[in-house]
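One structure is given here, and the rest of the page talks about it.
Note that this is a predicted model, so its numbers are computed, not measured. Letters go in sequence order (proteins before strands), and every chain restarts at 1.
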There are 2 protein chains.
Amino acid sequence: MKTSEKLILETLKLFHERGFKATTMRDIAERVGIEAATVYNYVNSKQYLLDQFLFGMAERFYQGIIHIEQSTYSPIEKIKAVVSLNIRLTVENPYKVGLLVSEWKHLQEPRRSEFLENRKAYEGKFRGIIKAGIESGDLRRMDLEVATFSVLSSIRWLFSWYTPEKSSVNPIELEKQMTDFILHGVTP
Amino acid sequence: MKTSEKLILETLKLFHERGFKATTMRDIAERVGIEAATVYNYVNSKQYLLDQFLFGMAERFYQGIIHIEQSTYSPIEKIKAVVSLNIRLTVENPYKVGLLVSEWKHLQEPRRSEFLENRKAYEGKFRGIIKAGIESGDLRRMDLEVATFSVLSSIRWLFSWYTPEKSSVNPIELEKQMTDFILHGVTP
DNA sequence: GTCTATAATTCGATAGAC
DNA sequence: GTCTATCGAATTATAGAC
């Protein structure tokens, strides 16, 4: 593996294990097997590394929901597609998705505000899907805010407990199980 | 307000806004209106403050689910009670609940391990409730792990989006809405 | 209880040789 | 591309006067 690749990978693991603030450039250098000063041959700053991780993932979530929003799917099919999107991105990038919900506070302005705007836009698009579903009668009449965040929360925390290797279900089965939960709850 | 009370309150707000690592003793002192050295007249260390917040809340969640577990409620009634417990504790202590899920990594050993064991025990008890419900037929047949964490995730993230003042629903209505979602999903 | 002063350490980042 | 050396700033915490 190239040093540049190893640097990115080890940094991601350290941010995941200890958090951005508790990870030092010296920690990163040690994992890669170089000196701290050499890290600056690859990146301008520690902030840059966090920025790349967060906005890289945020953009993929955002583009994903835009495609779903613009599709001709029914509201329920759109919800299924969002669940599928979340599972796919989380399984492919569990650490980055984890950073997305825990380390954005450490972005510097104006990037921090940009990040929050992006997240708000994502949530707004999801809310639109739920709203359309309620109005068309495909979904139950319920409070829009509660419905939006209840569904979002159940899929956003996937990263914290699901790993395909250790779980009793594979990603395909997980998608079915989670969709069933969101659509029908836990009662028979 | 007594200085000691103001110190606790302002520290909690700062930990919430910036995170534990990004909050300095000087920040805390400034909000309270004293010098940094004076903070040490009230607390032994910054770690102590985080420790108190996290274990104080963790204990309340733990005691709550123990009482629910030992009750004669049916599985569905126990789930409703856990939802109620989460809403009550989150509305009463939104910042502390937020720290519970975002700042535990910054506990020092052995407290960090103790915290994780407590959380695992809490999750285990909740899993037991779901398991009993599936076996009794009160709940749908579904993967135990997925069911446990799907429900837990939907209520654990309450702190990040719900505030009684700004929401269209009050805590009582929120409890009904969330219970309906967990039991029956979003479809009619 | 609150202050000033400061110890002791750590951190992000840079300079410049090779 | 990698190193040694180091700067300058920030941080937790303590000592001791008032």
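Distance OH (B:Y48) to P (D:dT12): 18 Å, rounded to an integer number of Å. In this structure, A:L49 places its CG atom 12 Å from C1' of C:dG12, rounding to the nearest Å. When rounded to the nearest whole Å, the span between CG of A:N41 and P of C:dA13 equals 15 Å. In this structure, CD of A:Q108 is placed 13 Å from C1' of C:dA13, rounded to the nearest angstrom. Put simply, CD1 on B:I28 is 15 Å from P on C:dT2, counting in whole angstrom units. Here D:dT2 presents its P atom at 12 Å from NZ of A:K2, a figure rounded to the nearest Å. For the pair A:I34 CD1 and D:dT4 P, the interatomic distance rounds to 12 Å; values are reported in whole Å. In this structure, B:H106 places its NE2 atom 13 Å from P of D:dT12, rounding to the nearest Å.
Taking side-chain N and O atoms only, B:T38 has a distance below 4.0 Å to OP1 or OP2 of C:dC3.
In this structure, A:L54 CG and A:F15 CZ are separated by 9.0 Å, a value rounded to the nearest 0.5 Å.
Nearest nucleotide to the side chain of A:R26, out of D:dT2, D:dT12, C:dG12: C:dG12. For A:E35, the listed nucleotide lying nearest its side chain is D:dC3; candidates were C:dT2, D:dC3, D:dG1. Nearest nucleotide to the side chain of A:K46, out of D:dA13, C:dG12, D:dT2: C:dG12.
Scanning all heavy atoms of the two residues, the minimum distance from B:R112 to B:K105 falls at NH1-O, 2.9 Å.
Here B:Y42 pairs with nothing under the ring-ring contact (aromatic ring centres under 6.0 Å, His included) rule; sequence neighbours left out. Considering only residues two or more places apart in sequence or on other chains, B:T148 meets the side chain to side chain contact (heavy atoms under 4.5 Å, CB included) condition with B:F126, B:R127, B:I130, B:L144, B:L152. In this structure B:Y95 satisfies the ring-ring contact (aromatic ring centres under 6.0 Å, His included) test together with B:H16, sequence neighbours excluded. The side chain to side chain contact (heavy atoms under 4.5 Å, CB included) check on A:P164 picks up A:V91, A:Y162, A:P171, with sequence neighbours excluded.
Sorted by first and then second residue, the salt bridge (Lys or Arg N to Asp or Glu O under 4.0 Å) pairs with a member in residues 29-57 of chain B read B:E10-B:R31, B:E17-B:R31, B:D51-B:R111; sequence neighbours excluded. Residue pairs meeting the salt bridge (Lys or Arg N to Asp or Glu O under 4.0 Å) criterion with at least one partner in residues 136-160 of chain A, sequence neighbours excluded, are A:E123-A:R156. Listed by first and then second residue, the salt bridge (Lys or Arg N to Asp or Glu O under 4.0 Å) pairs involving residues 67-87 of chain B are B:E69-B:K125 (not counting sequence neighbours).
Contact check of residues 13-25 of chain B against DNA chain D (heavy atom, cut-off under 4.0 Å) returns B:T23, B:T24, B:M25.
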For nucleotides 14-18 of chain C, which of its nitrogen or oxygen atoms have a protein nitrogen or oxygen under 3.5 Å away, and what is each distance?
none

